[in-house]
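Below, chain A is the first sequence line, B the second, and so on; all start at residue 1.
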Amino acid sequence: MFKMHLYKGGIYRHDEFIEAIEDLGGIVMQKTPMQTEVDIVFAIPEYDMDYLKKIIKKLKGELIDIPFGDMEIAIVAPSLSRHHLPHPVCDMSEFLRRYGSTTNIVGLARGYGKTIFQISDKEKRIVSEHDAAIFSFGMFEECILLKEKELKGLTLPYVLCGGPGKIENVSNYVGNLGRKSGRMRGPEEIKTLEEVKNLLLEMVDDVREEIGKDPLIFPPVYVKRAIEQQWDLSGSLGDNPVVLHLDGLRIKKPFDEYHERISKTKVGEYELGKISTLKKSNMNDTIILTLKTKSEVGEGP
Amino acid sequence: MEVEVRGGTREENESLRKLTEEIFKDSGLAKKQSKVLIVVDIGIPAFYVGIKFKKDVEPIKVGDIASIREQSGKTKLQINEERYYDQVIEKLGTFYGKENVEQSERNIIYINSTDENVRDIVIYDLTEEIRERTIDVLWSILPEGFKVRHFKHFEDGFILVSTDIPQIREFYNVIEDIQKEFGGSWDV
Amino acid sequence: MKLYVDSLPIETQKSLISEITGIVPDLDRPVVIERKVSRSKLMKNIYNIKTTKGTFTIETFSNRFQEFFQDHLEDLMGMEVQWTDKNTVNFGFVNTQFEATRKQFDYDKYTVLFGLSGFDKDLGILTISKRGHISRNGIEKSAFGKVTKGRHILEKIQTGDKILEVGLEEVKSEFYDYSVITSDDTVNDGDNIITKAVVELYEDCPFATEHFLFLIRNGLMRIDERNNSYCRNDEMKGISLPREKSNLRDKGSISVRNTGKGKGSVFIYLIDAIEDESHSVVGRIINGLELPMNISPGQCFSISSKTKRLNTLGISQKEAEEIAKSMGIEHERTGDTNDDAIVVIQNPEISIEAQKAGKISTEGVDPKFVFKIRLYEDKAPVSVKYFKTISGMATRQLGRLDVLIAHKDLDMILFKGDPKMAGELPPENPPIEGTKKGRIGITNMASRQMGTIGVRFSDSEEYGPTGEDFYHTNCVGEFLNHDKLRDIEEGSTIYLLLE
């Protein structure tokens, strides 16, 4: 399975590093030269990390893991008012982006209050399009428990955040993250954010393991590159028109106009439409692409 | 300012107390209240807030912001604080009639009579503004989305109930309790 | 004794490798022996369930429901789908002894569980959940497994479909042990002696294929670097190639890098890798991948290709005709058409294109223009590489040099070089003891005339072959029959063959 990393090093001889990635069957996602330094974001299968580390040592570079690099994470706030935004939702969002994730903040329409909390079916579908979710709830245990019940039926891994330090019987809960009136900059608060990250990482590793048992026909990074090479997607929402998911991609282009073109992309010896399912997203009229597994296409056992 | 929270677990109370304190500090109103009491009843759910302002908040009078001199049957006011021009002219107009008030220069106002009491005319009552701004701040402290808000105002403070359900007997009991605790003019 | 040579079974009484295969393995060129270690292994908790719509795999965890599942495998076979809905697929029925309950329970997606139809013990059902759901399935928390593979089958299954077979999954049928043999050794019964790798070439990348065929022209390939992903050969590193069609680099694929510092390196992939523009995939190893997989860097292995290289450069017209005839290809002589004229141009030169066209024409020249040379690869590796690139000997056996200056009164002959490429030519192997006649010299980067190649016709104590002093001269090799060089005129071309 492909994992994402960041290389930081000098611009001198960085081409050797790029060649090594290409030789090892990896993909250079982004190269940012800055005067004498260069940042290279790349995805690579995990077979030869030791060999790559040797090259990095030779080039006096630095290797940084981006554990969420191939994920889109939803951060759900009960509303978009000052009670729930910007702190700590934006802090979490910003923190996870440091680890490579694409984060979307979702504000629920009627997510506030204890008795009137609602998460609609459409909202659930929007959240479920992501690889993982974080729900930022309030500061009272009783309320959090009531809201948690409403989340039944979500199939993606999610973390609950709230004020109380601990809640019994809720394993995916991180405390001390209730309402904040300022940015989370103190050492204690950063530790809490780390906790969220680690919990999420654990959950996502399980998902990765599950995908590994019945692997996808092609890694999403490869399909992403094929699409970007074969179609002009400029002028999309945001500067990253194709977002990686664990099991596919989100393509930020209108579904009706683009889905036929996208499904004609040539990936390896296949046409993309035959090895994936394209679906209209509930969010901003984008395309959700789910890759089929090897067993489904008929390549695997 | 003293903030007290009751009703939840110790941890919950503490975090709400901290949040309240921080938000009041951010709004610049932290020194205007002597006591903030929040009583939480998660079961209903309902939030009761009692706020008592400090006594030293005095209303602003004409004498505080202007130097006053008598000049050939007229009163000349030289106003030192620019931000009160509006209010001064408006208040004097209602007192002496608009035709009797004349603004000759930007900061100089003449009144066509001599009156000793001009000094004591209240042009601006700060407690009113503080009351309004405090209520504003409270909206960002109290949980979002409660349908019912009920006020009970006093001379130097107020009690606010914010809840999801229409009034029940319970509210009065708690409000009375807070009243008793705050005492003074708040007597039942 | 029955054993295998390159996976082909043979019956023999001999036991030494050299006697069986005729190859004596040594440290430079070992063979690999494949031994079967153990037979298939069954995983105890993974079951394959074959239905009329396809097979899916479940992974179970041990509890009493799993035990029940294990004990009733036979009853499960032949069960029909009783009903399906949005959330579940239900196979029935089987007799159970489980306590019925009317409580509701939560089940994750893809869980496998037992339920009771109508809360009746005798109507046990095997339920497979398609989505996370809450159900009143009749038995308390009866999940015992999860569907891991073939999840798409669940959507296809409908009422009336049947379970045909339930079986433990066989994880790996055979295990092999590989040992690298570096000296003549005895073999055991059943061993597979792998002596060579066989390559099947594609036709997508003619230039890269020619490059690869030139590398393995002697039937050997050296491994210079190996990791978990690939084996690499750097013998022809630095040679430019055009960018050609790239393909998926599956396990066993052979690719040639076409850009960057590593251009010209040949890779053999040991894993499935994705395609990349910088790699031209020329073919794949269809037999004997175990050799490059197991030998260490620095060692060689035999390699042969089904597609043969067709290159007649450097041989006589007559020999060229014979080779073409043996491959069933039409041959046409041009230029000097005498039998002993040496072929210097072949059209088309690319083997694949020549074989596709079924016809080649060879241009010959008088043998007096062809010279044998010797190169000092050990003493001046960088200069030799430069010389090979300029003369074209890096990618073919015949080199050519264009004469720059030649005159009867001049005691030497100069050939055209490439000053731009010579910019990276450091001083190397200077002729300190004086220049001998027939030596090939190159002016190095220390002089303005860098890159020029020259040969003297008489010895000199003072100047190098290119007329520079010794510090500016790199000595790369010598002409074996330099006497005839005196007759070469300015503007003509000479051809070179390695000794």
What's the separation between atom [atom1] in [X] and atom [atom2] in [Y], rounded to the nearest 0.5 Å?
{"X": "A/D214", "Y": "C/R151", "atom1": "CG", "atom2": "CZ", "value": "7.5 Å"}
{"X": "A/D23", "Y": "C/H279", "atom1": "CG", "atom2": "NE2", "value": "3.5 Å"}
{"X": "C/S255", "Y": "A/E22", "atom1": "OG", "atom2": "CD", "value": "11.0 Å"}
{"X": "A/I27", "Y": "C/D276", "atom1": "CD1", "atom2": "CG", "value": "7.5 Å"}
{"X": "A/L24", "Y": "C/I271", "atom1": "CG", "atom2": "CD1", "value": "7.5 Å"}

Below 4.5 Å, heavy-atom pairs only: which of [options] has the largest tally toward chain A?
{"options": "C/N247, C/I134, C/D106", "answer": "C/D106"}
{"options": "C/H133, C/K109, C/E225", "answer": "C/E225"}
{"options": "C/D272, C/I153, C/N227", "answer": "C/N227"}
{"options": "C/E277, C/R257, C/R232", "answer": "C/R257"}

| Residue among A/Q229, A/R225, A/K292 with most heavy-atom pairs under 4.5 Å to chain C |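 Top option by heavy-atom pairs under 4.5 Å: A/R225.
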| query | Most heavy-atom pairs under 4.5 angstrom with chain C, which of A/P215, A/G25, A/A20? | reply |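 Looking at each of A/P215, A/G25, A/A20 in turn, A/G25 comes out on top.
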| query | Around atom CD of C/E424, are there more than 12 heavy atoms of other residues, nucleotides or ligands at under 6.0 Å? | reply |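 Not buried by this count: 12 neighbours or fewer within 6.0 Å.
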| query | If you count the non-hydrogen atoms of other residues, nucleotides and ligands that lie under 6.0 Å from CG in A/D206, is the total more than 12? | reply |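 Counting other residues, nucleotides and ligands, CG of A/D206 exceeds 12 neighbours.
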| Under 3.5 Å, side chain of A/E296 to main-chain N/O of C/G150, donor-acceptor pair present? |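 Not confirmed, A/E296 side chain does not pair with C/G150 backbone.
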| task | Could you tell me which portion of C/Y269 (side chain, backbone, both or neither) has an atom closer than 4.5 angstrom to a non-hydrogen atom of chain A? | result |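 When you check distances to chain A, only side chain atoms of C/Y269 fall under 4.5 Å.
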| request: Measure distances from C/R131 to the heavy atoms of chain A and classify the residue's part below 4.5 Å as side chain, backbone, both or neither. | output: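 Neither; nothing under 4.5 Å.
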| field | A/D15 vs C/K261 side-chain heavy atoms within contact, under 4.5 Å | value |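 When only atoms from C-beta onward are counted, C/K261 and A/D15 do touch, with a gap below 4.5 Å.
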| said: Measuring only between side-chain heavy atoms, which start at C-beta, is A/K213 closer than 4.5 Å to C/E59? | reply: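 When only atoms from C-beta onward are counted, C/E59 and A/K213 do touch, with a gap below 4.5 Å.
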| task | Examine whether an atom of A/E16 lies under 4.5 Å from a heavy atom of chain C, and if so say whether it belongs to the side chain, the backbone or both; otherwise answer neither. | result |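 When you check distances to chain C, only side chain atoms of A/E16 fall under 4.5 Å.
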| task | Sort A/D50 into side chain, backbone, both or neither according to what part of it lies under 4.5 angstrom from a heavy atom of chain C. | result |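 When you check distances to chain C, no heavy atom of A/D50 falls under 4.5 Å.
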| task | Please report the C-alpha distance between C/R226 and A/Y51 in whole Å, then the side-chain angles of each, then the deciding distance to 0.1 Å, and finally whether the side chain to side chain contact (heavy atoms under 4.5 Å, CB included) criterion is met. | result | CA-CA 10 Å; C/R226 189 164 64 96; A/Y51 178 76; over 6 Å; no
Pair [X], [Y]: side-chain N/O donor-acceptor within cut-off below 3.5 Å:
{"X": "A/E210", "Y": "C/Y110", "answer": "no"}
{"X": "A/Y47", "Y": "C/Y230", "answer": "no"}
{"X": "A/D48", "Y": "C/S229", "answer": "yes"}

| request: Tell me, with the steps shown, if C/H152 and A/S295 meet side chain to side chain contact (heavy atoms under 4.5 Å, CB included). | output: CA-CA 9 Å; C/H152 59 283; A/S295 68; 3.8 Å; yes
| field | Closest heavy-atom pair and its distance - A/G268, C/L248 | value |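 Heavy atoms only, the tightest pair is CA-CD1, 4.0 Å.
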